[in-house]
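By convention here, the first residue in the shown sequence is residue 1. From a predicted model like this one, the values you see are computed outputs, not experimental measurements.
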Amino acid sequence: QAQLVESGGGLVQAGGSLRLSCAASGRTFSNYRMGWFRQAPGKEREFVAAISRSGLSPYYADSVKGRFTISRDNAKNTVYLVMNILKPEDTAVYYCAAESTAQVVGLMWPSKIDSWGQGTQVTVSS
């Protein structure tokens, strides 16, 4: 399994931006479809965005579409999530996820994830 380490979380005002990074090691990064989930206090972990193994096909939850951008650099074994126009409801712990699948688009499901990162806190103040 891949080992995943997130970075880039923090505190930001509403309307601001953050960039999360997730560095992978252990297995061939390009074999994994990569994604981001988030979990707010008292809520279930929810899908945010995913990107295909090639990096050509991003997919987003409706709640972040048009504001967040997912990308990956297979040469650096890293996936990114640029978050713009942040809202207080975006406040959560954000988790990087890896799934060994050829699926190109569509949701990622927590039960199918092969590896999780440790999470990074994102707090958006109003």
Angle class for the F37/W116 ring planes (parallel below 30°, perpendicular above 60°, tilted otherwise)?
perpendicular
Does any non-hydrogen side-chain atom of V79 lie less than 4.5 Å from one of C96?
yes
Can a cation-pi geometry be assigned to R45 and Y95, taking NZ or CZ under 6.0 Å from the six-membered ring centre and within 45° of the ring axis?
yes
Is the shortest side-chain N to carboxylate O distance from K87 to D90 below 4.0 Å?
no
Would you say T91's side chain and V124's backbone share a donor-acceptor pair under 3.5 angstrom?
yes
Salt-bridge contact R38-E46 (side-chain N to carboxylate O under 4.0 Å):
yes
Distance to the ring centre below 6.0 angstrom and angle to the axis at most 45 degrees; does that hold for R72 and Y32?
no
Considering non-hydrogen atoms only, spot the tightest contact between G117 and E6 and give its length.
CA-OE2, 3.2 Å
So M83 and R19, do their side chains get closer than 4.5 Å, heavy atoms only?
no
Residues A24 and L4: closest non-hydrogen pair is CB-CD2, 3.6 Å
Nearest 0.5 Å, please: how far is CG in N77 from CE in M34?
9.5 Å
So which atom in S30 and which in N74 form the shortest heavy-atom distance, rounded to 0.1 Å?
CB-ND2, 3.9 Å
Single-linkage hydrophobic cluster, 4.5 Å side-chain cutoff, Y60 and L86 together:
yes
Does some side-chain heavy atom of R33 sit less than 4.5 Å from a side-chain heavy atom of V104?
no
Is there a path of hydrophobic side-chain contacts, each under 4.5 Å between heavy atoms of I, L, V, M, F, W or Y residues, that connects W109 with Y59?
yes
Just wondering, do V82 and F68 contact through their side chains at under 4.5 Å, heavy atoms?
no
Take N31 and S100, measure what side-chain hydrogen bond (donor to acceptor under 3.5 Å, both in side chains) needs, and give me the verdict at the end.
CA-CA 6 Å; N31 286 347; S100 179; over 6 Å; no
So F29 and T78, do their side chains get closer than 4.5 Å, heavy atoms only?
no
Closest non-hydrogen atom pair between P88 and A14, with its separation:
CD-CB, 4.1 Å
Grab the two heavy atoms, one from S115 and one from A2, that are nearest each other, plus how far apart they are.
OG-O, 2.8 Å
Would you say V122 and L20 make side-chain contact, with heavy atoms under 4.5 Å?
yes
Regarding S17 and N84, is there a side-chain donor-to-acceptor distance under 3.5 Å anywhere?
yes
Taking side chain as C-beta onward, heavy atoms only, is M108 less than 4.5 Å from I113?
yes
Is a side-chain donor-acceptor pair under 3.5 Å present for T123 with Q121?
yes
OH (Y80) and OG1 (T69) are apart, to the nearest 0.5 Å, by 14.0 Å
What's the spacing between L81 CG and L18 CG if we round to 0.5 Å?
9.5 Å
Correct closest heavy-atom pair for S57 and V105 would be CB-CG1, 4.3 Å
For F47 and W36, what are the C-alpha separation, side-chain angles and deciding distance, and is it a ring-ring contact (aromatic ring centres under 6.0 Å, His included)?
CA-CA 6 Å; F47 169 79; W36 292 91; over 10 Å; no
